[in-house]
Number of protein chains: 2
Amino acid sequence: MRIRTIAAAARAAEVNVETIRFYERRGLIAHPARPGHGPRHYPEETIARLRFIREAQSLGFTLAEIAELLDLRADPSADCADVRSRAVARREDVRIKIARLERIGAALDALIATCPSRGSLGACTILDAIEHPIAREAAPSPADPTEQRQPEGVSTMKTTTFAIDGMHCEGCAETVRGLLEHEAGVKAVQVGHAPGSARVLFDPAIIDENRLTATIERPGYRVTAVK
Amino acid sequence: MRIRTIAAAARAAEVNVETIRFYERRGLIAHPARPGHGPRHYPEETIARLRFIREAQSLGFTLAEIAELLDLRADPSADCADVRSRAVARREDVRIKIARLERIGAALDALIATCPSRGSLGACTILDAIEHPIAREAAPSPADPTEQRQPEGVSTMKTTTFAIDGMHCEGCAETVRGLLEHEAGVKAVQVGHAPGSARVLFDPAIIDENRLTATIERPGYRVTAVK
DNA sequence: ATCCGCTCCGTACCATAGTACGGAGTCAAG
DNA sequence: CTTGACTCCGTACTATGGTACGGAGCGGAT
């Protein structure tokens with residue numbers, strides 16, 4: 001149990017010296033008393049605390065949450081359920097973040113899939129789609145979703161949402177997305193499992209809902225609603 | 001095409017007045033010339049630009065990336081591939097973020113699963129696990145992953161990874177996780193689909209790999225490797 | 001005796017995406 | 001002719017998690 005100066009403590013806990021000072025200011029770790037005019041030394045307990053902070057951070061806890069956990073740890077009247085509820089809240093937060101990213105990823109996939117990958121920007125489907133958003137899942141439209149706003153220039157296109165049964169995982173959704181994207185006349189596809197649904201932007205002059213339904217049902221899924 | 005003051009423009013684009021000023025400072029939108037001493041007015045094009053920014057933001061693009069997209073849009077020599085590559089990069093970024101969050105979620109699940117949910121903190125498995133991390137997936141261990149570092153106090157525990165076939169969706173993974181968690185002697189479980197795998201921390205004095213394999217295969221999955 | 005490396009401390013700065021505030025001006029209605 | 005609503009502009013502040021800088025002091029080696 002050798003005496004550690006701040007630099008040695010930082011090496012031991014694999015953090016930056018400035019980070020230790022920062023945590024001291026934030027009250028996450030104690031600021032050890034200074035022996036006379038010499039350098040402060042950091043006990044093993046502080047190193048453990050630093051490691052705890054690092055570990056909790058890797059689980060996505062914020063410093064504020066970590067401060068709470070550290071307080072709980074030192075509180076003899078604290079209950080294990082207090083800790084658990086924080087972990088559960090964190091888990092829920094992670095779930096929400098993943099869901100949001102998955103929606104973003106699906107939207108990007110749809111954009112990328114429709115891109116011709118070459119040529120001038122006049123016909124860039126990606127910029128086009130950002131300029132004229134088709135469906136805003138975030139902002140609930142006051143109008144009936146059946147009657148999508150049809151921006152000029154894409155007025156011949158049609159958007160339809162299919163409710164799909166039996167499509168429970170991301171892999172299934174990918175399969176359906178791939179099938180739909182390869183149909184002629186399909187311009188953009190968004191597929192989500194949980195609940196199973198596919199939103200398709202297509203040219204009704206080339207393909208129709210019946211053909212799309214057949215495409216979705218080919219691998220064994222069932223379209224339960226078309227809207 | 002009525003003339004819009006900043007407040008009207010903000011309402012039209014569904015952003016804050018201060019946000020418009022902020023974007024002007026960042027150079028994302030033009031700062032319209034001021035007619036004499038009267039208020040500036042914002043053309044329809046700026047409203048469209050604001051909507052474009054909002055839309056791109058909802059896809060996760062940062063303001064810096066959006067500035068690039070806006071520049072590309074105005075550049076007659078720009079190619080569609082330039083736009084596409086940015087969308088693809090964004091997609092990749094989203095994929096990485098999801099993967100990281102999924103790792104965090106799995107780790108939290110494992111912690112929550114082992115928690116007795118009541119009692120004093122002396123035996124809090126969650127705090128315990130944060131204090132004594134079992135396996136650092138972030139920091140690649142130099143040792144063979146078979147031989148996990150065994151922190152003191154958990155030395156009787158064993159960690160085994162099962163490769164599982166047929167488990168392709170999150171729902172399946174949940175099923176397996178639930179089954180494993182309810183086996184006596186199992187302390188922590190991490191399950192992932194794509195590729196199907198389960199990492200189980202268990203007490204070899206209570207349960208063994210054969211029992212665990214049987215548990216996983218009960219609903220119809222196949223364990224293809226045990227390590 | 002002086003330089004190096006380390007420490008201590010306060011303060012400022014980074015990115016990100018805004019939000020808030022305060023003072024001054026303008027315009028229309030009451 | 002005052003009040004209220006709006007505008008303009010600069011500056012400061014929010015949260016998050018640090019990083020960097022500069023001056024001062026201290027101990028050991030050269």
Side-chain angles (χ1 to χ4, degrees), chain A residues 2-42 46 49-70 90 93 97 100 104 138, chain B residues 2-42 46 49-70 90 93 97 100 104 138:
Chain A
R2 50 188 254 262
I3 284 165
R4 296 188 205 263
T5 64
I6 193 166
R11 271 192 299 277
E14 294 176 89
V15 294
N16 199 310
V17 167
E18 298 301 327
T19 303
I20 293 184
R21 294 202 212 279
F22 173 66
Y23 288 167
E24 285 171 349
R25 284 196 297 272
R26 294 262 328 219
L28 283 168
I29 57 175
H31 195 49
R34 206 173 162 181
H37 268 241
R40 303 174 187 282
H41 26 84
Y42 290 78
T46 298
R49 228 172 142 88
L50 286 168
R51 293 217 183 93
F52 183 97
I53 295 169
R54 269 174 61 81
E55 194 60 25
Q57 271 192 311
S58 80
L59 290 171
F61 287 99
T62 65
L63 291 184
E65 289 165 339
I66 293 169
E68 282 184 17
L69 289 176
L70 287 166
R90 194 77 265 295
D93 182 56
K97 286 208 172 89
R100 196 160 48 74
I104 290 174
Chain B
R2 52 187 253 261
I3 284 165
R4 296 188 205 263
T5 64
I6 193 164
R11 271 192 299 277
E14 295 175 271
V15 294
N16 199 308
V17 168
E18 298 301 327
T19 304
I20 293 184
R21 295 202 211 280
F22 173 66
Y23 288 168
E24 286 172 347
R25 285 197 296 273
R26 294 262 328 220
L28 282 168
I29 58 175
H31 195 49
R34 207 173 161 179
H37 268 242
R40 304 173 186 284
H41 23 84
Y42 290 78
T46 297
R49 228 172 142 88
L50 286 168
R51 292 217 183 94
F52 183 97
I53 294 170
R54 270 175 61 80
E55 194 60 25
Q57 271 192 312
S58 80
L59 290 171
F61 286 100
T62 66
L63 291 184
E65 288 166 340
I66 292 169
E68 281 186 19
L69 289 176
L70 287 166
R90 194 76 268 293
D93 183 54
K97 287 207 173 89
R100 197 159 46 76
I104 290 174

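Per chain, numbering begins at 1; letters A, B, ... match sequence-line order.
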- Atom CD1 of B:I6 and atom P of D:dC6: how far apart are they, to the nearest Å? 13 Å
- Value for CD1 (A:I66) from OH (A:Y23), rounded to nearest 0.5 Å, stands at 7.0 Å
- Task: Look at the side-chain N and O atoms of B:R40 and state whether any lies under 4.0 Å from the OP1 or OP2 oxygen of D:dC9.
- Result: yes
- Length of the CZ-C1' vector between A:R54 and D:dG17, whole Å: 14 Å
- Atom pair CD (B:E55) and CG (B:L69), whose distance is rounded to the nearest 0.5 Å: 12.0 Å
- Starting from C1' on C:dT19, measure out to CZ on B:R26 and report it in whole angstrom. 15 Å
- Query: When rounded to the nearest 0.5 angstrom, what is the spacing between CZ in A:R90 and OG1 in A:T62?
  - Reply: 7.5 Å
- Note on the structure: The single option from B:R25, B:R40, B:R21 that satisfies side chain to side chain donor-acceptor pair (under 3.5 Å) with B:H31 is B:R40
- Query: Closest approach of B:E24 and B:P32, non-hydrogen atoms and distance?
  - Reply: OE2-CD, 3.7 Å
- Side chain of B:A7 only, please: which of C:dT7, D:dC6, C:dC8 is the nearest? D:dC6
Report each atom pair, protein N/O against N/O of nucleotides 18-20 of chain D, whose distance is under 3.5 angstrom.
residue: D:dG18; atom: OP2; partner: A:Y23; partner atom: OH; Å: 3.0
residue: D:dG18; atom: OP2; partner: A:Q57; partner atom: OE1; Å: 3.3
residue: D:dG18; atom: OP2; partner: A:Q57; partner atom: NE2; Å: 2.3
residue: D:dT19; atom: OP2; partner: A:T19; partner atom: OG1; Å: 2.6

- Item | Euclidean distance, atom CD1 of residue B:I66 to atom C1' of C:dT16 [Å, nearest integer] | 12 Å
- Under 4.0 Å: is that the gap between some side-chain N or O of A:R21 and OP1 or OP2 of C:dC9? no
- Any donor and acceptor pair, going by atom type alone, linking the side chain of B:R54 with main-chain N or O of B:V15 inside 3.5 Å? no
- Spacing of A:F61 atom CZ relative to D:dT16 atom P, expressed in whole Å: 15 Å
- Task: Working to the nearest 0.5 Å, report the span between CG of A:L28 and CG of A:L63.
- Result: 5.5 Å
Contacts under 3.5 Å, N or O only, protein and nucleotides 24-28 of chain C:
residue: C:dT26; atom: OP1; partner: B:H37; partner atom: ND1; Å: 3.3

- Task: Would you check if the side chain of A:R51 reaches a backbone N or O of A:A12 as a donor-acceptor pair within less than 3.5 Å?
- Result: yes
- Query: In whole angstroms, how far is the P atom of C:dA17 from the CD1 atom of B:I20?
  - Reply: 17 Å
- Item | Residue-phosphate contact under 4.0 Å: A:T5 side-chain N/O, C:dC6 OP1/OP2 | no
- Relative to the 5' end of DNA chain C, which residue comes earlier, A:V17 or B:T62, by the nucleotide with the nearest heavy atom? A:V17
- Task: Quick one: pull up CD1 in A:I20 and OG1 in A:T46 and give me the separation to the nearest 0.5 Å.
- Result: 9.0 Å
- Message: Taking only side-chain N and O atoms of B:H41, does any of them lie within less than 4.0 angstrom of OP1 or OP2 on D:dT7?
- Response: no
- Give the minimum heavy-atom separation between B:P35 and B:P39, together with the two atoms involved. CD-O, 3.3 Å
- Task: Return the minimal non-hydrogen interatomic distance between B:I29 and B:R49, and the atom names on each side.
- Result: CA-NE, 3.9 Å
- Message: Quick check on the helix from C:dA1-D:dT30 to C:dG30-D:dC1: what's the angle between its two end axes, five base pairs per end, to the nearest 10°?
- Response: 40°
- Do A:T19 and A:L50 touch side chain to side chain, with heavy atoms closer than 4.5 Å? no
